[in-house]
Amino acid sequence: MGSDREIDVFPPALIDALVDSRHIVVMTGSGTSAESGIPTFRDAQTGLWAKYRPEDLATPEAFARNPQLVSDWYEWRRQLVSKTDPNPGHTAIAALTKLVKQLTLITQNVDGLHQRAGNDDVIEFHGNIMLSRCTDGHPATGIQGDTESPPRCEQCGAMIRPAVVWFGESIPAAVLQRALAAVETCDVFFAIGTSAQVQPAAGLALLAKQNGATLIEINPAETPLTDDCDYILKGPSGAILPKLVSALKQTSDHA
Ligand code: BV8
């Protein structure tokens, strides 16, 4: 007869690491949004976009070559994101934030679902697809609707683009600084729903490990990080994270 207590699902030392933690960093990738219905970044794209690889569209070169095509791709993704809701994994991360001493949430995702789930301080490492700016950096209001060509900046006339970090573009210095500061001081680092292929995001996990943090991966599949992890929770984040939060609550209830 298995125990009906979540706490028995996880290694006691893992729960102890969370209870005793001073500062937890959670880094999420697109797998965290998969159960909200948003295809992961490297999942095969559908319909009109099936013939394109995301890595080939999410670049300044692609935008310069065909601004309309790239703008249409982002508009398609915005429409997709606007029809989705946070899933239990997002909600569990927001709950975990309130259960531990300090939690810094870094996301590679651009969908804003962590904020909608209740995390109000999110380090958006790759920006936010719902925001736009011009190619010279001036913020543009709202989502650019359908136009025959990407709209122009009211301030300088440069083309409007999504406020995300493309491949080949540097992570904004202030964002990178905040993330590195958190990684340097954390004692637990979660890598959740990421294939750990994109740099410098993927490197944050190993940096945390080098700084002595306990490294925990939540992913149905193995990744280049898996061998370096102290705990591997194999499965969908939308199923695992609520159980982990419930196990943590049972500990504090018993404390
Ligand atoms: C940089 C925003 C310095 C845009 C994204 C050559 C030239 C230039 C640069 C490079 C180069 N070679 C390498 C680089 C560096 C490059 C890079 O890392 N390339 C990779 C492909 C090798 N990085 C950069 O360019 C970065 N900048 O290096 O600046 C510089 C400057 C100039 C020149 C050189 C260097 C900027 C990278 C940012 C790119 N922008 N997004 C947009 O979204 O449109 S990255 C994109 O990938 C998304 O943000 C996504 O989140 C992110 C990471 O992918 P994952 O989240 O891991 O998603 P993926 O699909 O891969 O995996 C999903 C995982 O979820 C899987 O493991 C799966 O098993 C799991 N999963 C599935 N279901 C679930 C689940 N897990 C849990 N639960 C589930 N239910």
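Here the structure is a predicted model, which means the values were calculated and not measured. Only this structure's heavy atoms are used, side chains among them; waters, hydrogens and symmetry mates stay out. Whatever order the structure lists them in is the order used to number ligands and atoms, beginning at 1.
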Might you check, step by step, whether the distance between atom 32 (C) of ligand 1 and some protein heavy atom is under 4.0 Å? yes
Give the atoms of ligand 1, by number and element, whose distance to some non-hydrogen atom of Pro220 is under 4.0 Å. 71 (N), 74 (C), 75 (C), 76 (N), 77 (C)
Could you list which atoms of ligand 1 come closer than 4.0 Å to a heavy atom of Asn109? 51 (O)
Is the backbone of Ala181 close enough, under 3.5 Å, to the side chain of Thr185 for a donor and an acceptor to pair up by distance? yes
In ligand 1, the atoms that come under 4.0 Å of a heavy atom of Arg77 are 42 (C), 43 (O), 44 (O)
Determine, step by step, whether Leu233 and Leu14 satisfy the side chain to side chain contact (heavy atoms under 4.5 Å, CB included) criterion, reporting the C-alpha distance in whole Å, the side-chain angles of both residues, the deciding distance to 0.1 Å, and the verdict. CA-CA 11 Å; Leu233 306 179; Leu14 165 56; 4.1 Å; yes
Atom 26 (C) of ligand 1: the protein heavy-atom neighbour that sits closest, reported with distance to 0.1 Å: Gln199 O, 3.2 Å
Ignoring hydrogens and angles, tell me if any N or O in the side chain of Asn128 forms a donor-acceptor pair with the backbone of Met130 under 3.5 Å. yes
Taking all heavy atoms of Ala117 and all of Thr91, pick out the closest pair and write down the distance. CB-N, 4.0 Å
Using a 3.5 Å distance criterion without hydrogens, assess whether the side chain of Thr84 forms a donor-acceptor pair with backbone atoms of Gly37. no
Tell me: protein heavy atom nearest atom 56 (O) of ligand 1, and distance? Ser30 N, 2.7 Å
Neighbour count above 12 (heavy atom, 6.0 Å) for Gln102 CD: yes
Given that the side chain starts at C-beta and the backbone is N, CA, C, O, which of these parts of Glu55 lies under 4.0 Å from ligand 1, counting heavy atoms, or is it both or neither? neither
Suppose we measure from atom 25 (O) of ligand 1 to each protein heavy atom; which comes out shortest, and what is that distance? Gly168 N, 2.7 Å
Among Leu204, Thr28, Val165, exactly one meets side chain to side chain contact (heavy atoms under 4.5 Å, CB included) together with Phe125. Which residue is that? Leu204
Could you tell me whether Asp230 and Lys209 make a salt bridge, using a distance below 4.0 angstrom between a side-chain N and a carboxylate O? yes
Any side-chain donor near an acceptor of the partner, Thr32 and His90, under 3.5 Å: no
Taking both backbone and side-chain atoms of Ser195, is any N or O found less than 3.5 Å from an N or O belonging to ligand 1? yes
Has Thr107 got a side-chain atom pairing as donor or acceptor with Glu124's backbone, closer than 3.5 angstrom? no
Heavy-atom contacts with Ala34 under 4.0 Å: which atoms of ligand 1 show up? List them by number with element. 73 (N)
Checking side chain to side chain contact (heavy atoms under 4.5 Å, CB included) against Leu241, which of Ile93, Val26, Asn87 comes through? Ile93
Within the 4.0 Å heavy-atom shell around Ala221, which atoms of ligand 1 are there? 69 (O)
Is it the case that over 12 heavy atoms from other parts of the model lie below 6.0 angstrom from the CD atom of Glu169? yes
Kindly state if atom 58 (O) of ligand 1 has a protein heavy atom within a strict 4.0 Å cut-off, that is, under 4.0 Å? yes
Does at least one non-hydrogen atom of Tyr74 fall below 4.0 angstrom from an atom of ligand 1? yes
Honestly, for Ser237 the part within reach of ligand 1 (heavy atoms, under 4.0 Å) is both
Show me which atoms of ligand 1 lie under 4.0 Å from any heavy atom of Pro236. 78 (N), 79 (C), 80 (N)
Of Met27, Gln108, Gln197, the one whose closest heavy atom lies nearest atom 49 (O) of ligand 1 is Gln108
Strictly inside 4.0 angstrom of atom 53 (C) of ligand 1, do you find any protein heavy atom? yes
Proximal candidate to atom 66 (C) of ligand 1 [heavy atom criterion; set Asn219, Val70, Asp43, Thr32]: Asn219
Have a look at Gly193, Gly203, Pro200 and point out the one with the heavy atom closest to atom 64 (C) of ligand 1. Gly193
Return yes when atom CD of Glu222 has more than 12 non-hydrogen atoms of other residues, nucleotides or ligands closer than 6.0 Å, and no otherwise. no
Is there a donor-acceptor contact under 3.5 Å linking the side chains of Asn119 and Thr97? yes
Find all atoms of ligand 1 within a distance of less than 4.0 Å from any non-hydrogen atom belonging to Gly29, and give their numbers and elements. 56 (O)
Do the side chains of Asp121 and Arg178 get close enough for a salt bridge, i.e. N-O under 4.0 angstrom? yes
Heavy-atom nearest neighbour in the protein, as seen from atom 71 (N) of ligand 1, with distance rounded to 0.1 Å: Gly31 CA, 3.6 Å
Looking at Phe41, Phe167, Phe125, the heavy atom closest to atom 50 (C) of ligand 1 belongs to Phe41
Protein residue, atom and distance nearest to atom 60 (O) of ligand 1, heavy-atom basis: Arg42 N, 2.7 Å
Which option wins on minimum heavy-atom distance to atom 39 (C) of ligand 1: Asp111, Val165, Thr107? Val165
Do any non-hydrogen protein atoms sit less than 4.0 Å from atom 11 (C) of ligand 1? no
Protein non-hydrogen atom below 4.0 angstrom of atom 4 (C) of ligand 1 present: yes
Looking only at protein heavy atoms, identify the closest one to atom 29 (O) of ligand 1 and say how far it is in Å. Glu169 O, 3.2 Å
Give the intermediate values and the outcome of ring pair (Phe, Tyr, Trp, His ring centres under 6.0 Å) for residues Phe63 and Trp166. CA-CA 10 Å; Phe63 185 71; Trp166 279 331; 5.4 Å; yes
Quick one: does Ser170 get within less than 4.0 Å of ligand 1, heavy atoms only? yes
Under 3.5 Å, is there a donor-acceptor pair linking the side chains of Ser132 and Arg78? yes
Atoms of ligand 1 less than 4.0 Å from Glu35 heavy atoms? 78 (N), 79 (C), 80 (N)
